[in-house]
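Structure, as structure tokens:
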Amino acid sequence: MHTYSNGDPIFAKVNSLTSIETELPFSYYSLPYCKPLGGIKKSAENLGELLMGDQIDNSPYRFRMNVNESIYLCTTTPLNEHEVKLLKQRTHDLYQVNMILDNLPVMRYATQNGVKIQWTGFPVGYTPPDGSADYIINHLKFRVFIHEYEGSGIEIIGTGEEGLGVISEADKKKASGYEIVGFQVVPCSIKYDPEAMTKLHTYDNVSSINCPNELDKYQQIREQERISFTYEVEFVKSDVRWPSRWDAYLKMEGSRVHWFSILNSLMVILFLAGIVFVIFLRTVRRDLTRYEELDKEAQAQMNEELSGWKLVVGDVFREPECSKLLCVMVGDGVQILGMAGVTIVFAALGFMSPASRGMLLTGMIILYLIQGIVAGYVSVRLWRTIKGTSEGWRSISWLAACFFPGIAFFILTVLNFILWGSHSTGAIPISLYFELFFLWFCISVPLTLIGGFLGTKAQPIEYPVRTNQIPREIPSRKYPSWLLVLGAGTLPFGTLFIELFFILSSIWLGRFYYVFGFLLVVLLLLVIVCAEVSVVLTYMHLCVEDWRWWWKAFFASGSVALYVFLYSINYLVFDLQSLSGPVSATLYLGYSLLMAVAIMLSTGTIGFLMSFYFVHYLFSSVKID
């Protein structure tokens, strides 16, 4: 919390220029804007901000608390061909200028078809419908909403840009001032006389002016044109208090419909999952009861006559194909699931507010690194269970530490070369690459190896039945079992797709995502549905004497990732129609693929572990000689 006294100077900051048409962020000063008198200085940025392509710089826009004024900034040198081409390109691509005051993004309101729409940022320029010319936004009318703060017996001893304040009772002094609780802008294009404007100096007062409606009074973008930049600021007292100042940014039109839609989806999925689970429990209990009521002689006869899951007793725990890869994928899945679960819980409790830029992504990376110990432990313990020995645990641990990070590094490197080629601020700097590599190699890898070592010391999971030396022949089926496995992913996807729409909108359309409470509910429901679907599919395969259930259990729930990726393509085609160019589409598909791989590993792990414990319980419940 920061309080200001009358006349205190407040400088706005500028973030990267962004566009929902290209998804390529660019530096604010890549365009011929006025520069600060003391030179451009970058703000300290956290890991998440750097990865998201944020580049926060200082700006020449200076306000004085409670002083309404109209200010001249500068007049550019005559625009050259390159600057004109760049300004027109950014205008056509609908680039937005993102300005920040006291950690609040600037907001503007526009009316489309009689509906008031809220935006963050303001456009670089304006192109009329006939496309005859392009005009630059060079005059900004700011409204800064302030709340008068009166302290009683308190003293503010620390303020921070992240919106956190430290207040202590000290000397019983009365601290008072103004808090900034809102920041709005009305952008205008005004044609000035450059000869008259160049006689002024930076921060000289100019007369206030209304935004013109006639195009001939707009400032056109063309070669040898000199553009003058001005702004005016009005301070407005508001009843909004500091803790509520982000509410205006988090409002969602038609939120009741969204909430009802999500709730309706959750109730339907819960109902379906409940029916499946009840039927399944009754079926298994009946089978077990009938089997255990028979004497030993009858059981032996029954084993010869009956078909079904009881006949694969000697093969059900046979080592699967690519067992090393399965152990590694399950370990990485637990790591990703743990990271997602803890992050969403912390976000739902309010620890990761939108005021803390990049904090969500930074927290996810740190949690992923720490969860490496869990990945190593799970991978090695599963390896010991399958192989019956700890031999080779180091290679399993190394693979668990490298598998998903390797996929992520490969995808991000390819996308980074594309961003470098476009000179975008979204490109990860080489220094950050080395920082990420250092974090991975010095934190995640050692923790994964420690987890693997602990896995060798843990009590191995003993199989309840012995495995035959000769594999049992699997009866032929009309349809391949993988069709059923792929179709099973539709039920978990049903719990996810509405929330997925909001998440994709927040990432690609620049909207704030804040319903982490509902996301937590969706995650819990997804875990339950993935577990149930995988267990039911495993039981169905065992009933037709198919003992190769390991990978099918993993992909029965993991196949939801296929539908997530297909939905992402659908979202690109039908909801991101403004996205232009192959570069933007490649970036979108690359990040969507990375998200789908993470979802596949985490949901597949849920299904596999639940199926493993189900099969273990099922065959340990039957008395077999």
Side-chain angles (χ1 to χ4, degrees), residues 315-342 365-410 436-467 469 534 547-555 558 597-598 600-617 619-620:
D315 299 275
V316 71
F317 291 109
R318 189 176 300 281
E319 181 182 341
E321 297 176 354
C322 306
S323 55
K324 182 178 283 191
L325 180 61
L326 179 64
C327 295
V328 169
M329 290 175 72
V330 170
D332 279 11
V334 171
Q335 187 177 8
I336 295 168
L337 190 64
M339 172 205 71
V342 175
I365 292 171
I366 292 170
L367 285 168
Y368 180 81
L369 295 173
I370 295 171
Q371 294 277 345
I373 193 168
V374 182
Y377 177 83
V378 172
S379 296
V380 171
R381 192 167 184 205
L382 182 59
W383 174 254
R384 282 188 71 199
T385 301
I386 292 173
K387 289 289 187 180
T389 175
S390 298
E391 189 177 345
W393 71 270
R394 288 182 183 85
S395 65
I396 293 290
S397 299
W398 270 103
L399 284 170
C402 300
F403 183 74
F404 180 71
I407 294 172
F409 267 101
F410 175 76
L436 290 171
F437 183 81
F438 176 81
L439 287 171
W440 169 74
F441 191 76
C442 296
I443 298 177
S444 184
V445 171
L447 284 176
T448 308
L449 289 170
I450 290 170
F453 177 75
L454 294 174
T456 63
K457 301 299 179 186
Q459 187 71 23
I461 301 170
E462 298 290 342
Y463 292 149
V465 293
R466 291 190 300 271
T467 300
Q469 289 186 348
S534 188
W547 45 266
R548 292 177 302 187
W549 59 271
W550 303 74
W551 281 106
K552 291 168 185 173
F554 186 92
F555 285 112
V597 170
M600 183 265 290
L601 290 172
S602 52
T603 54
T605 296
I606 296 165
F608 172 79
L609 291 177
M610 195 66 196
S611 292
F612 180 83
Y613 284 111
F614 160 71
V615 172
H616 190 280
Y617 170 77
F619 283 90
S620 62

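Along the sequence shown, residues carry numbers from 1.
- By the 4.5 Å heavy-atom criterion applied to side chains, Met600 and Phe554 are counted as neighbours.
- Within the 4.5 Å cutoff, the side chain of Thr448 has no heavy atoms near those of the Trp398 side chain.
- Considering only heavy atoms from C-beta on, Phe614 stays 4.5 Å or farther from Ser534 through its side chain.
- Using modelled atom types, no side-chain atom of Arg394 and backbone atom of Phe453 make a donor-acceptor pair closer than 3.5 Å.
- Ala400 and Ser379 make their closest contact through CB-OG, 3.7 Å (heavy atoms, listed as atom of the first residue, atom of the second, distance).
- Within the model, atoms CZ of Arg384 and OG1 of Thr456 stand 6.5 Å from one another, a figure rounded to the nearest 0.5 Å.
- Pairing each heavy atom of Thr603 with each of Gly558, the nearest pair is OG1-CA, 3.4 Å.
- For the pair Leu609/Val334, a side-chain contact is recorded, criterion being any heavy-atom separation below 4.5 Å from C-beta on.
- Two residues are said to be in side-chain contact when any heavy atoms from C-beta on lie closer than 4.5 Å; Ile366 and Ile443 fail this criterion.
- Pro320 approaches Ile386 most closely through the heavy-atom pair CD-CG2, 4.2 Å.
- Here the CG-OG1 distance, from Leu337 to Thr605, works out to 7.5 Å after rounding to the nearest 0.5 Å.
- Proximity of a side-chain donor or acceptor of Gln335 to a complementary backbone N or O of Val374 within less than 3.5 Å is not detected.
- Counting heavy atoms from C-beta on, the side chains of Trp550 and Ser611 never come closer than 4.5 Å.
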Checking side chain to side chain contact (heavy atoms under 4.5 Å, CB included) for the pair Trp383/Ser390: CA distance, chi angles, key distance, verdict?
CA-CA 8 Å; Trp383 174 254; Ser390 298; over 6 Å; no

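- Closest of all the heavy-atom pairs between Leu449 and Trp393 is O-CZ3, 3.6 Å.
- The structure places CZ of Phe317 at 10.0 Å from CD1 of Ile461, a figure rounded to the nearest 0.5 Å.
- Taking the six-membered ring for Trp and thresholds of 30 and 60 degrees, Phe441 and Phe437 have nearly parallel ring planes, at less than 30 degrees apart.
- Listed here is the closest heavy atom pair of Val445 and Ala401: CG2-CB, 4.1 Å.
- Other residues, nucleotides and ligands contribute more than 12 heavy atoms inside 6.0 Å of the CE atom of Met339.
- Atom OG of Ser602 sits about 9.0 Å away from atom CZ of Phe404, to the nearest 0.5 Å.
- Using cut-offs of 30° and 60° on the angle between ring planes, the pair Phe555 and Trp551 is parallel.
- Using bins of under 30°, 30° to 60° and over 60° for the plane-to-plane angle, the ring pair Trp549/Phe612 lands in the tilted bin.
- Side-chain contact between Leu369 and Leu447: absent, with no pair of heavy atoms (C-beta onward) separated by less than 4.5 Å.
- The distance from atom CD1 of Ile396 to atom CG of Leu382, rounded to the nearest 0.5 Å, is 9.0 Å.
- Nearest approach of Val380 to Ser397, heavy atoms of both residues: CG2-OG, 3.4 Å.
- Atom CD of Glu391 has 12 or fewer heavy atoms from other residues, nucleotides or ligands within 6.0 Å.
- Between the NZ atom in Lys324 and the CG atom in Leu326 there is a gap of 13.0 Å [rounded to 0.5 Å].
- Met329 is listed as a side-chain neighbour of Leu601, based on a closest heavy-atom distance under 4.5 Å.
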